[in-house]
Amino acid sequence: MKYWLMKSEPDEVSIDDAVRLGPAPWFGVRNYQARNFMRDQMSIGDGVLFYHSSCAEPGIAGLAEVASSAYPDETQFDPKSKYFDPKSTRENPRWLLVDVKGTRKTRLLSLSEMRTKPELATMTVLQKGSRLSITPVTEEEWQAVLKLL
DNA sequence: GCCAACGTTGGC
DNA sequence: GCCAACGTTGGC
């Protein structure tokens with residue numbers, strides 16, 4: 001059992017959407033490190049901190065869990081999608097994803113509040129220059145976040 | 001809209 | 001394989 005923080009723009013998919021939809025493909029990741037986490041390290045049932053980014057109040061907005069193993073992201077094959085990748089083929093797909101199931105909306109633990117908590121200071125998402133949309137969360141960090149929600 | 005930080009691309 | 005140029009992320 002591992003833990004993760006996954007960023008989503010609430011204008012695209014919010015925690016409300018994720019809870020309502022149930023298990024849904026986490027499409028659109030186009031970064032190799034983030035892809036590799038999904039491909040190599042995620043397992044069904046892993047805990048996910050659902051983070052709202054690029055919005056008025058960025059922060060952790062709810063909880064979710066990994067709901068599938070990795071499989072190809074269909075949007076890479078769709079020329080009409082903004083995630084289309086002309087260099088990818090069905091025989092050798094470049095981009096994989098997992099299904100993520102929103103489990104519950106929580107209070108918003110804002111980025112600014114997170115920065116005030118010493119017990120969260122080790123979180124990758126808080127490190128300077130960190131931009132990855134998927135980052136691992138330690139057991140200690142996970143427990144510390146849960147206590148604050 | 002700005003810009004720091006980081007990732008990717010492509011010429012050599 | 002290096003690295004400059006360019007693109008993207010994402011908070012502010």
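Below, all heavy atoms of this structure are taken into account, side chains as well, without hydrogens, waters or symmetry copies. Below, chain A is the first sequence line, B the second, and so on; all start at residue 1.
Residue W95(A) forms a ring-ring contact (aromatic ring centres under 6.0 Å, His included) with just one option from Y32(A), F27(A), Y83(A), and that option is Y32(A).
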> When you look at K2(A) and M42(A), which way does the side-chain contact (heavy atoms from CB on, under 4.5 Å) test go after all the steps?
Replying inline: CA-CA 7 Å; K2(A) 292 196 178 69; M42(A) 281 190 183; over 6 Å; no
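One atom, CG of D85(A), and another, C1' of dT9(B), lie 13 Å apart when rounded to the nearest Å. In this entry the distance linking CZ of R115(A) with C1' of dG10(C) reads 11 Å, nearest Å. Residue L111(A) contributes atom CG, which lies 18 Å from atom P of dT9(C) at whole-angstrom precision. The distance from atom CD of Q33(A) to atom C1' of dT8(B) is 13 Å, rounded to the nearest whole Å. Distance, K87(A) NZ to dT8(B) P: 12 Å, rounded to whole Å. Between the P atom of dG11(C) and the CE atom of M123(A) lies a distance of 13 Å, rounded to the nearest Å. Regarding I134(A), its CD1 atom lies at a distance of 19 Å from the P atom of dT8(C), rounded to whole Å. dA5(B) atom C1' lies 13 Å from atom CG of N31(A), rounded to whole Å.
Taking 3.5 Å as the limit, the base of dT8(C) and the side chain of R131(A) contain a donor-acceptor pair of atoms between them.
Once rounded to the nearest 0.5 Å, the distance linking CZ of R104(A) with CZ of F50(A) reads 14.5 Å.
Here A144(A) pairs with E119(A), L120(A) under the side chain to side chain contact (heavy atoms under 4.5 Å, CB included) rule; sequence neighbours left out. Residues passing the side chain to side chain donor-acceptor pair (under 3.5 Å) test with R30(A), sequence neighbours excluded: D73(A), T75(A).
Applying the 4.0 Å criterion to OP1 and OP2 of dG11(C), one finds that Y51(A) has a side-chain N or O inside that range. Side-chain N/O atoms of K7(A) include none lying less than 4.0 angstrom from OP1 or OP2 on dT9(C).
Between the side chains of D46(A) and W4(A), a donor-acceptor pair is found at a separation under 3.5 Å.
By the 4.0 Å N-to-carboxylate-O rule, E57(A) lies too far from R107(A) to be salt-bridged with it.
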Between the protein and nucleotides 1-4 of chain C, are there any N/O to N/O pairs under 3.5 Å, and if so, what are the atom names and distances?
none

